[in-house]
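Written out below as structure tokens is the structure these notes cover.
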Amino acid sequence: MLQSTIHPRQGDKQNSAFFETYLPRLLAERDRSGLTEMIGGIEALMITVEPGNSVEYIAELALMTPYHYLVTLDSARHLTHVLRIDMHSPDILLREVKDASYSDIFRHLNDLYPVGARRPHSRYLGEILYTTNRHEVVALQQQREFRFFPVGQLAELDLPLNVSFSKPSPYTQNMVGYMERPSDGIRVYHHGECIILPTVQAAYERGKEMQERLGIKDMILPIDHLATRVYSQNREAALLEYLALSSYYYWGSYDIKDQNSSTNVTKNVRLQPESVSPAKVFTAGNQPYCVNHLDKLPSPTETFVRNYGPRLHHIALAVKDGQRNGMEHIDFVVDAITAQGKGFLLDTIGSREEGLKQIFSSASDFSSLIIEYVQRFGDFEGFFTRDNVAQLTFAAGLQEGMELGT
């Protein structure tokens with residue numbers, strides 16, 4: 001039996017007595033129930049964008065990531081473009097709403113927040129997880145009071161019918177889906193008619209040709225982690241909820257005092273590389289906005305959540321360790337992409353001596369998501385450094401402040 005409570009704890013963030021009491025209980029019960037064994041890694045990420053935005057976003061992803069355009073699923077209300085690296089790494093299901101007036105629960109969530117409402121359909125929906133027995137997993141989770149969309153509602157929401165989706169989380173507003181397939185089988189989504197759209201194919205080829213021409217194709221690796229921002233008071237609940245729904249374990253949390261926030265990391269209990277099952281990171285302010293006027297501390301994470309809502313903030317991609325033309329690969333990649341007009345929020349931070357270098361792109365005009373690149377050097381065993389995270393958080397906060405007009 002897989003054991004989720006044996007992994008060493010990292011970090012210095014002080015959790016509450018409630019969290020430290022319930023964390024081992026939750027993981028041990030999950031192991032005993034068989035859920036840890038039945039639930040695997042991340043099969044796919046789901047993103048929705050505004051009508052007309054998917055083609056250029058696919059060109060952007062073709063340049064900045066290892067993803068390839070596979071097929072489009074044409075269903076009643078959406079075009080869902082399937083992007084894939086291989087069967088070892090998660091897919092991206094990029095959904096484009098056909099009718100700008102279309103309204104559903106996900107649009108309503110965006111409408112609650114001042115910046116989120118400016119792009120009412122642009123939203124990260126959540127992850128689909130692999131499972132060996134979808135119906136048993138759902139039944140066990142329902143016994144634990146987790147709620148799922150019935151099949152009829154899945155059809156109304158125009159979601160794949162061979163995936164069971166939880167209702168959006170009250171803490172992250174993301175869903176978790178479960179999909180069953182043979183371990184050596186191909187991922188198939190029961191959703192609409194499979195077509196190849198010439199406009200999408202041309203945009204994808206344009207991005208890949210540029211990637212090849214710039215010499216960065218083999219430097220950019222699959223997803224390293226997914227970072228979600230939540231309200232300060234929901235940090236521990238969001239962690240416990242995701243651990244209950246997945247087969248991840250709590251790696252640890254670091255207090256980023258310079259930015260009045262914490263970074264909280266969960267990883268797959270099978271210790272698979274992040275390229276197979278990316279780490280899930282949750283960032284939260286250290287105190288709620290309603291008392292911040294008393295201490296006058298920076299609050300970029302809490303401000304982001306108040307403006308956009310709890311949601312995915314960035315997708316981090318690994319960069320292959322090495323150098324070209326006397327430059328670290330990450331610097332070579334960033335220089336090449338910058339020359340094509342894509343902005344970054346700061347210079348690369350970190351060094352070989354510190355163990356890694358990182359950088360944030362500016363938020364995508366098409367999805368509002370940031371791309372992070374991270375290059376880890378040699379035998380570096382950490383996940384990040386505190387100083388890097390503080391600088392990245394500060395830089396992202398500056399851009400988000402400008403977008404709000406503050």
Side-chain angles (χ1 to χ4, degrees), residues 56-69 83-90 92 202-227 272-279 281 314-367 369-393 395-396 399:
E56 288 305 314
Y57 191 41
I58 286 171
E60 182 175 279
L61 292 173
L63 169 63
M64 297 185 69
T65 79
Y67 278 93
H68 302 280
Y69 172 54
L83 308 181
R84 179 170 292 171
I85 300 172
D86 53 36
M87 288 301 295
H88 301 292
S89 300
I92 292 177
Y204 158 72
E205 290 176 0
R206 172 161 40 95
K208 282 304 175 201
E209 286 167 5
M210 186 178 296
Q211 192 181 64
E212 183 88 38
R213 187 167 64 253
L214 296 172
I216 61 175
K217 175 184 174 182
D218 296 329
M219 295 183 187
I220 305 173
L221 303 177
I223 294 173
D224 180 82
H225 64 270
L226 302 165
Q272 295 170 313
E274 276 71 40
S275 61
V276 175
S277 195
V281 177
H314 65 266
I315 297 173
L317 293 138
V319 175
K320 184 179 180 181
D321 189 16
Q323 295 183 340
R324 179 174 295 179
N325 300 340
M327 303 171 65
E328 301 294 356
H329 279 168
I330 189 170
D331 296 311
F332 190 93
V333 167
V334 169
D335 282 359
I337 292 175
T338 300
Q340 307 309 309
K342 179 64 179 178
F344 287 83
L345 300 186
L346 69 173
D347 295 330
T348 52
I349 54 176
S351 66
R352 185 168 288 274
E353 291 69 33
E354 295 170 280
L356 80 166
K357 295 189 82 169
Q358 294 166 273
I359 192 169
F360 273 169
S361 76
S362 56
S364 171
D365 291 334
F366 311 111
S367 70
L369 291 171
I370 284 171
I371 292 289
E372 176 187 346
Y373 291 122
V374 54
Q375 180 178 343
R376 296 188 179 88
F377 302 111
D379 57 356
F380 178 72
E381 294 182 355
F383 193 66
F384 57 82
T385 65
R386 192 192 320 274
D387 288 346
N388 280 17
V389 172
Q391 292 184 62
L392 291 168
T393 303
Q399 183 195 46

Side chain to side chain contact (heavy atoms under 4.5 Å, CB included) involving [X] - partner list, sequence neighbours excluded:
X      : value
Asp379 : none
Ile85  : Pro66, Tyr67, Ser89, Pro222
Leu61  : Tyr57, Thr65, Leu83
Asp321 : Arg352, Gln375, Phe377

I need the [X] [atom1] to [Y] [atom2] distance, nearest 0.5 Å.
X      : Y      : atom1 : atom2 : result
Ile370 : Phe360 : CD1   : CZ    : 5.5 Å
His314 : Leu226 : NE2   : CG    : 8.5 Å
Leu63  : Ile371 : CG    : CD1   : 10.5 Å
Ile330 : Ile216 : CD1   : CD1   : 12.0 Å

Non-neighbouring partners of His68 that pass side-chain hydrogen bond (donor to acceptor under 3.5 Å, both in side chains), sequence neighbours left out = Tyr204
Among residues at least two apart in sequence or on other chains, which ones pass salt bridge (Lys or Arg N to Asp or Glu O under 4.0 Å) with [X]?
X      : result
Arg324 : none
Glu56  : Arg206
Glu372 : none

Less than 3.5 Å apart, which donor and acceptor atoms pair up between the side chains of residues 332-342 and the rest of the protein, not counting sequence neighbours?
| residue | atom | partner | partner atom | Å |
| --- | --- | --- | --- | --- |
| Thr338 | OG1 | Val334 | O | 2.7 |
| Lys342 | NZ | Ser362 | O | 3.3 |

Might you point out which heavy atoms bring [X] and [Y] nearest each other, and give the distance in Å?
X      : Y      : value
Gln358 : Leu392 : NE2-CD1, 3.8 Å
Gln272 : Ser277 : OE1-CB, 3.7 Å
Leu345 : Ser361 : CG-O, 3.4 Å
Leu369 : Ile315 : CD1-CD1, 4.1 Å

Is the shortest heavy-atom distance from the side chain of [X] to the side chain of [Y] under 4.5 Å?
X      : Y      : value
Ile349 : Asp387 : no
Ile359 : Asp347 : no
Asp331 : Lys357 : yes
Tyr69  : Glu205 : no

message = Just to verify, what does His329 make a ring pair (Phe, Tyr, Trp, His ring centres under 6.0 Å) with, not counting sequence neighbours?
response = none
key: Side-chain (Asn325) to main-chain (Met327) donor-acceptor, under 3.5 angstrom   = no
request  = Scan for salt bridge (charged side-chain N to carboxylate O under 4.0 Å, His left out) pairs involving residues 209-223, sequence neighbours excluded, and state none if there are none.
outcome  = Glu212-Lys217
message = The test is side chain to side chain contact (heavy atoms under 4.5 Å, CB included); show your working for Gln211 and Met64 and say whether it passes.
response = CA-CA 8 Å; Gln211 192 181 64; Met64 297 185 69; over 6 Å; no
